[in-house]
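Numbers restart at 1 for each chain; the letters A, B, ... are given by sequence-line order, proteins then strands. Heavy-atom basis, side chains included; hydrogens, waters and symmetry copies ignored.
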Amino acid sequence: MARSRAIPPRTAAAASGAAETELADLCRLHDVGLDLIARIDDVDDLLDRVLEEYERRLADLPSDAFDATAERRGRVAEAKLRSLVMFATQAAAVKEKARAAAEIRARAEALEAANRRLAAALDTAEASRARLDGVLATLDAGILILAPDDTVEIANRAAAVLIGAPDERSLAGRPLPDGLSSAGLAGATEILFDRGGSPRTVLALRRGLPAPGGAVILLTDVTERWREMEERHRIERLREALWTLGVLSHRINNPLTAMLGRAQILKARRDVDPSVTRAAAVIEEAASRIADLIRELAQVVKEGRRESVDRILDSGPPAPGGSGVA
Amino acid sequence: MRIDTVEREGVACLHLRDGDALDVSTAPGVKVAALAALERGRDVVVDLSRIDFLDSAGVGVVVALVKTARSRGLRARFAGLSATARATLGLIRLDAIIDFSTDVDAAVKACRRRRDAEVG
């Protein structure tokens with residue numbers, strides 16, 4: 001048989017009052033909690049609300065609620081203190097979350113700002129790169145921009161043509177082509193590239209870049225320049241040779257004329273031994289041939305053509321009975 | 001309780017003397033002195049280094065001053081908490097809601113930093 005314990009009427013009323021207070025506090029705690037969570041995105045607003053709730057609850061507490069020596073706070077005061085602690089715990093947690101959320105938002109904003117700056121910098125860099133590519137494309141000289149490890153970062157079309165690469169993109173990211181990778185390529189160096197049987201002389205000028213390093217190589221096709229220079233030197237030498245030839249021709253012509261005249265006189269005389277007449281005829285013929293040669297050389301000197309000199313010097317002796325000196 | 005108010009770098013520093021409790025009997029005086037400083041547009045630092053006991057009224061003044069200062073765009077800070085005071089405030093997690101300073105110098109510097117940050 002169950003036994004019930006009798007509760008004195010006044011104690012039962014007090015217990016009932018405390019339970020109601022506690023229940024009301026729990027409901028309020030719940031509502032305040034939701035209110036705090038709703039303000040989590042605004043730390044200042046949240047803090048104002050928390051302080052307001054603290055102030056209200058503290059005003060509702062008896063002054064000895066924090067006194068550990070107070071033996072009998074009463075159940076209602078105890079419940080209010082417990083409720084305050086629960087609220088405080090909740091508020092501290094929400095505030096910490098709000099602080100963390102604010103920090104995350106601030107970092108996200110900073111990250112977004114950094115991303116925007118990065119995107120702008122990339123746009124600028126791309127525009128600069130496009131402008132650089134445009135400028136490089138207009139240059140007749142070949143340009144190779146190298147990374148610190150000597151791989152090609154940027155090459156222009158002229159460089160690809162000079163090196164004999166299919167195009168400038170085929171050079172990017174690759175090691176330097178043979179001939180340019182020499183560590184000794186510190187100053188200006190001439191390099192011979194054979195592009196399918198068409199050898200080209202390329203002048204390579206290398207300059208180092210400041211940190212983080214790398215280099216720029218300027219390639220200039222000097223094949224034509226060198227050929228023109230050689231041609232100028234050849235013409236100069238030819239001009240000197242022709243001048244010498246002209247002087248010689250003039251100097252030879254004078255004694256030759258005298259010699260030919262004497263030979264003709266001797267050949268015409270009847271009072272000399274026939275052997276002398278024959279010898280005079282041989283001398284006349286040889287002198288005539290020399291006179292012809294001198295005349296032709298004089299003409300070449302006048303025209304200034306080396307081919308003619310070569311032709312005259314290479315040709316055999318003229319047919320017998322050639323003419324004498326004019 | 002005697003309250004000595006000293007101005008430092010635009011901050012009104014309230015030093016609580018001749019008493020070790022911030023309770024229902026002393027809290028109203030502290031509140032009046034602090035509110036007067038806030039009225040003058042001064043940040044307030046309350047030196048609690050001699051306070052060993054806070055009751056709900058004392059804690060209520062702490063909360064009320066912080067709340068009032070914030071509503072006026074000012075700062076109220078509390079410095080030099082004793083272990084007992086810290087335990088009381090810790091019980092209701094107020095130390096997680098409000099920033100407390102180790103001493104008055106640190107509190108004055110913190111007020112100045114906040115003020116400069118808000119002005120800047």
Between side-chain atoms of residues 60-70 of chain B and protein atoms elsewhere (two or more places apart, or another chain), which donor-acceptor pairs fall under 3.5 Å?
| residue | atom | partner | partner atom | Å |
| --- | --- | --- | --- | --- |
| B:Lys67 | NZ | A:Glu55 | OE1 | 2.9 |
| B:Thr68 | OG1 | B:Ala64 | O | 2.7 |
| B:Arg70 | NE | A:Asp48 | OD1 | 2.9 |
| B:Arg70 | NH2 | A:Asp44 | O | 2.9 |
| B:Arg70 | NH2 | A:Asp48 | OD1 | 3.1 |

Problem - Check: B:His15/B:Asp47 side-chain N/O donor and acceptor closer than 3.5 Å - result: yes
Problem - Heavy atoms from other residues, nucleotides or ligands near CG of A:Asp31 exceed 12 (cutoff 6.0 Å) - result: yes
Practice task
Identify which of A:Val50, A:Leu47, A:Thr89, A:Asp60 forms the greatest number of heavy-atom pairs closer than 4.5 Å to chain B.
Solution key: A:Leu47
Handout entry: Under 4.5 Å from any heavy atom of chain B - which part of A:Glu52
Key = both
Exercise for the section: Ignoring hydrogens and angles, tell me if any N or O in the side chain of A:Asn156 forms a donor-acceptor pair with the backbone of A:Ile143 under 3.5 Å. Expected result: yes
Exercise for the section: Quick one: which residue pairs count as a ring pair (Phe, Tyr, Trp, His ring centres under 6.0 Å) with a foot in residues 74-108 of chain A, not counting sequence neighbours? Expected result: A:Tyr54-A:Phe87
Problem - Within 6.0 angstrom of B:Arg72 CZ, more than 12 heavy atoms from elsewhere - result: yes
Exercise for the section: May I ask you to check whether A:Thr151 and A:Arg174 show a side-chain donor-acceptor distance below 3.5 Å? Expected result: no
Exercise for the section: Would you please go through residues 120-130 of chain A and name the residues with a non-hydrogen atom below 4.5 Å from one of chain B, in numerical order? Expected result: none
Problem - Residues of residues 89-100 of chain B contacting chain A, heavy-atom criterion under 4.5 Å, by residue number - result: B:Leu91, B:Ile92, B:Arg93, B:Leu94, B:Ala96, B:Ile97, B:Ile98
Exercise for the section: Spell out, as yes or no, whether a donor-acceptor pair under 3.5 Å connects the side chain of B:Ser56 to the backbone of A:Ala65. Expected result: no
Exercise for the section: For A:Arg39, look at atom CZ and say whether over 12 heavy atoms of other residues, nucleotides or ligands are found less than 6.0 Å away. Expected result: yes
Problem - Contacting region of A:Ala59 [heavy-atom separation from chain B under 4.5 Å] - result: neither
Exercise for the section: Pick one of side chain, backbone, both or neither for A:Leu61, based on which atoms fall under 4.5 Å of a heavy atom in chain B. Expected result: both
Practice task
Identify which one of B:Val30, B:Thr26, B:Leu81, B:Leu16 satisfies the side chain to side chain contact (heavy atoms under 4.5 Å, CB included) criterion when paired with B:Ile51.
Solution key: B:Leu16
Practice task
Output yes when a side-chain donor or acceptor of B:Asp20 lies under 3.5 Å from a complementary backbone atom of B:Arg50, and no otherwise.
Solution key: no
